[in-house]
> 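Attaching a single structure in structure tokens format; questions to follow.
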Amino acid sequence: MAITRNDSKRLYWKLSAYFFFFFFTWSSSYSLFSIWLGQEIHLDGSATGIIFSLNAISALCMQPIYGYISDRIGLKKNILFFISMLLIFVGPFYIFVYGPLLRYHLILGAVVGGIYLGVSFLAGIGAIESNIEKVSRKYGFEYGKSRMWGSLGWATATFFAGHQFNVNPNINFWVASASAIILVAIIMSVKIEMTDYEMVKADSITLKDVGGLFLLKDFWFLMLYVMGVTCVYAVYDQQFPLYYASVFPSVAMGNEVFGYLNSFQVFLEAGMLFVAPFIVNKIGAKNSLILAGALMSFRIIGSGLVDGPIGISSMKLIHALELPIMLIAIFKYLAANFDTRLSSVLYLVGFHFTSQVGASILSPIAGQLYDSIGFRQAYLIMGIVALCFTFISMFTLLSPKKMNTSITMKKSYLK
């Protein structure tokens, strides 16, 4: 089947729109999640840490499943449609199920919420990203430019989220459900053809192939980087909105300013997603991962050192630099070093699953640190840990010279 320029252009815009409305839905319901738990449900740092931990456990249970199914079905849109349908109910779930359950019984509410959020958003995002990345490789458009629209969707929703939260938190949840309806309409209009070769290639994947990944030391070294750098950073970012709001004269002002700043940061992030492929191609996937880790460590440590709204806002904006580089670099690193038949499993297990394992362990610890020694001291500890793992990864991640001699051996082993 010959792929025309119009086919590529049409799919690019449809999948970019899908990214936009998925992230718009996610941001509307989740960007102020920790603030909602603290100010609306009245939970302390330790309780919030437990919730994030259970969210992570649910996500990590789903990620290998999503990854294996995604690679087995190839370019089919089944998983994207399933996730989109789940998100239609996000508003009623928060308002009528999740919130009341958390007030009634913390653990019960956290388990139920973890299952829904884990399946829909926290594991779902990896399945969506890996699927669209595979489509982009087939149809010849740059994944980063499509993913850029997801950041724009998040930024657009976040711009209004802080003000809407101060009026009524439920507004954000209803907006999320409305956005999800558009999401379903978009994915129903998407048509992706699979060749006989692509179907045979997908059918050839076995559980033995997936298990073989765990015999590769380079896969473990990648997971070490993810656990020590990106996972620590994700845990740091979970309750950051609470700390941010606390440095303002009033919490309401902090909530609103955070919404505006987060929106501005994500707009910058979208611009960086357009530029990031050029940076990663120029300096290489490994060096890009190290650069992203250094920026993450700097932001975490800096958040513990700066004082006042201006200082902490400047730390927040660094996120717009490191995340795009990380997203593009991780896909290129996986494609350069491992069997591309397993691209979804590699991304969901090697990156997302490992992050969630670490988050399920570290989230309660971080919550206790926030309650016992405060945010600033906890950030210093977390930042030093991330910096140490970034340094270690300079010697453990594969460099381009080693790739040339090792890729063939690894791919032949897996096949």
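Note that these values count all heavy atoms, side chains included, but never hydrogens, waters or copies made by symmetry. The chain is numbered in sequence order, starting from 1.
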> For this output row, return yes or no: ring centroids of Phe33 and Tyr30 closer than 6.0 angstrom.
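So the answer is yes for these two rings.
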> To the nearest 0.5 Å, what is the distance between OG1 (Thr396) and CZ (Phe221)?
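Rounded to the nearest 0.5 Å, the OG1-CZ separation comes out at 6.0 Å.
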> Show, in sequence, the C-alpha distance, side-chain angles and deciding distance for Phe219 and Asn337, and conclude whether the side chain to side chain contact (heavy atoms under 4.5 Å, CB included) test is met.
CA-CA 9 Å; Phe219 188 63; Asn337 289 282; over 6 Å; no
> Would you check if the side chain of Lys332 reaches a backbone N or O of Gly284 as a donor-acceptor pair within less than 3.5 Å?
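A pair under 3.5 Å: no.
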> Answer yes or no: is there a donor N or O on one side and an acceptor on the other, between the side chain of Ser177 and the main chain of Ile88, under 3.5 Å?
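A pair under 3.5 Å: yes.
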> Can you tell me how far the CG atom of Asp218 sits from the CE atom of Met223, to the nearest 0.5 Å?
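CE of Met223 is found 11.0 Å from CG of Asp218.
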> What's the verdict on side chain to side chain contact (heavy atoms under 4.5 Å, CB included) for Ser58 and Leu117, showing C-alpha distance, side-chain angles and the deciding distance?
CA-CA 8 Å; Ser58 175; Leu117 295 176; over 6 Å; no
> Would you say Thr158's side chain and Ser31's backbone share a donor-acceptor pair under 3.5 angstrom?
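It does not hold such a pair.
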> Begin with the C-alpha distance, continue with both residues' side-chain angles, and end with the deciding distance and a verdict on ring-ring contact (aromatic ring centres under 6.0 Å, His included) for Phe89 and Phe93.
CA-CA 6 Å; Phe89 305 100; Phe93 175 76; over 10 Å; no
> Ring centroids only, cut at 6.0 angstrom: are Tyr12 and Tyr139 within range, meaning strictly under it?
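That pair fails the under 6.0 Å test.
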> Could you tell me which non-hydrogen atom of Pro277 sits nearest to which non-hydrogen atom of Ile328, and how far apart they are?
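Of all heavy-atom pairs spanning Pro277 and Ile328, the closest is CA-CG2, 4.0 Å.
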> Between Ser70 and Gly67, is there a donor-acceptor pair closer than 3.5 Å when you use the side chain of the first and the backbone of the second?
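No.
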> List the steps and the verdict of side chain to side chain contact (heavy atoms under 4.5 Å, CB included) for Ile192 and Lys76.
CA-CA 7 Å; Ile192 301 170; Lys76 295 177 183 177; over 6 Å; no
> Is a side-chain donor or acceptor of Arg299 paired with a backbone partner of Met315 at a separation under 3.5 angstrom?
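Here the side-chain-to-backbone pair exists.
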> Centroid separation under 6.0 Å, is that true for the rings of Phe240 and Tyr236?
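For Tyr236 and Phe240, the ring centres are under 6.0 Å apart.
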> State, with a plain yes or no, whether a side-chain heavy atom of Ser130 is found less than 4.5 Å away from one of Leu348.
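A side-chain contact exists here, since the closest heavy-atom pair is under 4.5 Å.
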> Could you note down all residue pairs passing salt bridge (Lys or Arg N to Asp or Glu O under 4.0 Å) where residues 127-136 supplies at least one of them, sequence neighbours left out?
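Listed by first then second residue: Asp71-Lys134, Glu129-Arg147, Glu133-Arg137.
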> Does Ser46 form a side-chain hydrogen bond (donor to acceptor under 3.5 Å, both in side chains) with Gln368? I'd like the steps, not just the answer.
CA-CA 5 Å; Ser46 297; Gln368 291 173 1; 5.4 Å; no
> Looking at every heavy atom in both Leu102 and Ala110, which two are closest together, and how far apart are they?
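Here Leu102 and Ala110 meet closest at CD2-N, 3.6 Å.
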> Please check if the number of heavy atoms outside Phe298 that lie under 6.0 Å from its CZ is greater than 12.
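Not more than 12 within 6.0 Å, no.
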> Is Ser28 reaching over with its side chain to a backbone N or O of Thr25, donor-acceptor style, under 3.5 angstrom?
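No.
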> Kindly determine whether Ser313 and Tyr244 satisfy side-chain hydrogen bond (donor to acceptor under 3.5 Å, both in side chains), including the steps that lead there.
CA-CA 8 Å; Ser313 295; Tyr244 185 88; 2.8 Å; yes
> Is the CE atom of Met227 crowded by more than 12 outside heavy atoms at less than 6.0 Å?
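Yes, CE of Met227 has more than 12 neighbouring heavy atoms, counting only those of other groups under 6.0 Å.
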> In the structure I gave you, are the side-chain heavy atoms of His319 and Met296 within less than 4.5 Å of one another anywhere?
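With C-beta onward as the side chain, the pair stays apart.
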> Measuring centre to centre across the rings, with the benzene-like ring taken for any Trp, is Trp154 within less than 6.0 Å of Trp149?
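No, the ring centres sit 6.0 Å or more apart.
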> Restricting to non-hydrogen atoms, name the atom on Val280 and the atom on Ile325 that form the minimum distance, rounded to 0.1 Å.
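Scanning both residues completely, I find the closest heavy atoms to be CG2-O, 4.0 Å.
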> Indicate yes or no for a side-chain donor-acceptor contact from Ser179 to the backbone of Val175 under 3.5 Å, with no hydrogens or angles considered.
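Not at all, since once roles are kept as given, no pair shorter than 3.5 Å links the two residues.
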> Taking it one step at a time, do Val235 and Val232 satisfy side chain to side chain contact (heavy atoms under 4.5 Å, CB included)?
CA-CA 5 Å; Val235 171; Val232 171; 5.9 Å; no
> In Å and rounded to the nearest 0.5 Å, what is the CG to CG distance from Leu321 to Leu295?
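It is 6.0 Å, given to the nearest 0.5 Å.
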> Would you call the rings of Phe20 and Phe24 parallel, tilted or perpendicular if under 30° counts as parallel and over 60° as perpendicular?
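Parallel: the ring planes of Phe20 and Phe24 meet at under 30°.
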> What pair of heavy atoms forms the shortest contact from Phe258 to Pro241, and how long is it?
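Heavy atoms only, the tightest pair is CZ-CG, 3.6 Å.
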> Return the minimal non-hydrogen interatomic distance between Ile79 and Ala127, and the atom names on each side.
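Closest pair (atom of Ile79, atom of Ala127, distance): CG2-CB, 3.9 Å.
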> Enter the distance from Ile283:CD1 to Leu291:CG here, rounded to the nearest 0.5 Å.
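Here the interatomic distance stands at 5.0 Å.
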> Can you confirm whether the side chains of His42 and Gln39 place a donor and an acceptor under 3.5 Å from each other?
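Judged by distance alone, the side chains do not pair up.
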> Are Ser146 and Ile132 packed together at the side-chain level, in the sense that at least one heavy-atom pair is separated by less than 4.5 angstrom?
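Yes; the side chains approach each other to less than 4.5 Å.
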> Looking at every heavy atom in both Leu87 and Ser120, which two are closest together, and how far apart are they?
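It is CD2-CB, 3.5 Å.
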> What do the steps show when you test Phe121 against Trp26 for ring-ring contact (aromatic ring centres under 6.0 Å, His included), and what is the final call?
CA-CA 7 Å; Phe121 289 122; Trp26 192 4; 5.7 Å; yes
> Strictly by modelled atom types, are Ser34 and Gln238 linked by a side-chain donor-acceptor pair under 3.5 Å?
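No pair is found: no donor N or O on one side chain lies under 3.5 Å from an acceptor on the other.
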> Using only atom types and a distance under 3.5 Å, with no angle test, would you say the side chain of Arg376 pairs donor to acceptor with the backbone of Val306?
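Such a contact is found between Arg376 side chain and Val306 backbone.
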> Quick one, Arg103 and Glu40 - any side-chain contact, counting heavy atoms below 4.5 Å?
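Answer yes - side chains close enough.
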> Roughly how far, to the nearest 0.5 Å, is CG of Asn172 from NE2 of His163?
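Answer for the NE2-CG pair, His163 versus Asn172, is 10.5 Å.
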> Could you check whether any side-chain heavy atom of Leu369 comes within less than 4.5 Å of a side-chain heavy atom of Phe375, counting everything from C-beta outward?
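No, their side chains stay 4.5 Å or more apart.
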> Determine whether the aromatic ring centres of residues Tyr94 and Tyr98 are separated by less than 6.0 angstrom.
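Under 6.0 Å, so yes.
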> Any sub-3.5 Å donor-acceptor pair from Tyr116's side-chain atoms to Val90's backbone N or O?
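Confirmed, Tyr116 side chain pairs with Val90 backbone.
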> Check the side chains of Tyr18 and Ser84 for a donor-acceptor pair under 3.5 angstrom, ignoring hydrogens and angles.
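Short answer, yes.
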> May I ask you to test the Leu397-Leu222 pair for a side-chain heavy-atom distance under 4.5 Å?
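In contact.
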> Give a yes or no on whether the backbone of Ser189 and the side-chain of Lys14 come within a donor-acceptor separation of less than 3.5 Å.
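Yes: the side chain of Lys14 pairs with the backbone of Ser189.
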> Examine Phe389 together with Tyr225 and report whether their ring centres are nearer than 6.0 Å.
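Centroid distance Phe389-Tyr225: not below 6.0 Å, so no.
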> Could you walk me through whether Tyr379 and Tyr243 pass the ring-ring contact (aromatic ring centres under 6.0 Å, His included) test, one step at a time?
CA-CA 11 Å; Tyr379 288 161; Tyr243 174 64; 5.6 Å; yes
> Taking atom CZ of Phe264 as the centre, report whether more than 12 heavy atoms of other residues, nucleotides or ligands fall under 6.0 Å from it.
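Incorrect, the count does not exceed 12.
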> Is the gap between the ring centers of Phe173 and Trp36 under 6.0 Å?
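Centroid distance Phe173-Trp36: below 6.0 Å, so yes.
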> Do Asn78 and Ile69 come close enough that some side-chain heavy atom pair is under 4.5 Å?
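With C-beta onward as the side chain, the pair stays apart.
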> Kindly indicate whether the side chain of Gln239, heavy atoms from C-beta on, has any atom under 4.5 Å from the side chain of Thr48.
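Side-chain contact under 4.5 Å: yes.
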> Within this structure, what is the CZ-CG distance for the pair Phe52 and Leu362, rounded to the nearest 0.5 Å?
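If I round to the nearest 0.5 Å, the distance is 13.5 Å.
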